[in-house]
Amino acid sequence: CDLREFANLLGNRVKGILVALAGEDGSFKYVIKSESRDVSEFIKDANAKLCGRGGGRGAMAQGSFSTSFDEIKAYFESLS
């Protein structure tokens with residue numbers, strides 16, 4: 001199961017923002033999905049702060065982050 005499939009399966013069950021990650025500190029692939037927010041509101045900022053690449057619009061974004069899990073977690077917790 002890839003990250004996009006995973007996010008699609010769980011995205012409508014999560015209130016807020018679903019962040020699906022695969023990888024290890026310094027090299028994560030991501031899919032971000034939200035049924036309640038437009039991810040384009042924050043994905044550019046997330047990429048800038050988390051050494052990321054990628055993007056999206058509407059309910060989903062995908063790409064990569066080159067930072068630690070703790071930094072990713074702290075960033076998305078600050079959005080809620």
Side-chain angles (χ1 to χ4, degrees):
C1 182
D2 70 2
L3 283 179
R4 191 173 176 127
E5 284 181 45
F6 181 76
N8 282 328
L9 286 171
L10 294 178
N12 63 350
R13 296 179 187 193
V14 173
K15 295 192 185 326
I17 301 167
L18 170 75
V19 180
L21 299 170
E24 56 189 38
D25 277 1
S27 181
F28 285 101
K29 300 288 184 197
Y30 71 75
V31 174
I32 300 166
K33 184 167 179 145
S34 178
E35 297 294 320
S36 61
R37 292 184 67 175
D38 182 345
V39 298
S40 64
E41 294 175 5
F42 58 81
I43 196 62
K44 286 183 182 181
D45 183 62
N47 283 331
K49 290 182 177 167
L50 301 172
C51 302
R53 297 184 65 160
R57 58 186 167 159
M60 185 178 285
Q62 57 189 6
S64 62
F65 293 133
S66 297
T67 191
S68 71
F69 175 78
D70 290 338
E71 288 183 45
I72 296 167
K73 181 179 175 190
Y75 177 84
F76 284 98
E77 285 177 343
S78 76
L79 295 179
S80 53

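For clarity, every value in this text was computed on a predicted model and none was experimentally measured. The chain is numbered in sequence order, starting from 1.
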Side chain to side chain, I17 and R37, heavy atoms closer than 4.5 Å: yes

Check: L50 and F28 side chains under 4.5 Å, non-hydrogen atoms: no

Which atom of G54 lies closest to which atom of N47, heavy atoms considered: O-ND2, 3.0 Å

Heavy-atom closest pair, residues G16 and S34: O-OG, 2.9 Å

Report the distance from atom [atom1] of [X] to atom [atom2] of [Y], rounding to the nearest 0.5 Å.
X: M60; Y: E35; atom1: CE; atom2: CD; result: 8.5 Å
X: C51; Y: I72; atom1: SG; atom2: CD1; result: 10.0 Å
X: N12; Y: S36; atom1: CG; atom2: OG; result: 12.0 Å

Path from L21 to F42 over hydrophobic side-chain contacts below 4.5 Å: yes

In one Ile/Leu/Val/Met/Phe/Trp/Tyr side-chain cluster, 4.5 Å: I43, V19: yes

Of all pairs that satisfy side-chain hydrogen bond (donor to acceptor under 3.5 Å, both in side chains), the ones with a partner from residues 65-77, not counting sequence neighbours: D45-Y75, T67-E71

Worked check of side chain to side chain contact (heavy atoms under 4.5 Å, CB included) between Q62 and I32: CA-CA 6 Å; Q62 57 189 6; I32 300 166; over 6 Å; no

Partner set under side chain to side chain contact (heavy atoms under 4.5 Å, CB included) for L10, not counting sequence neighbours: F6, R13, L18

Aromatic plane relationship, Y30 with F65 - under 30° parallel, 30 to 60° tilted, over 60° perpendicular: parallel

Salt bridge (Lys or Arg N to Asp or Glu O under 4.0 Å) pairs, two or more places apart, involving residues 17-31: none

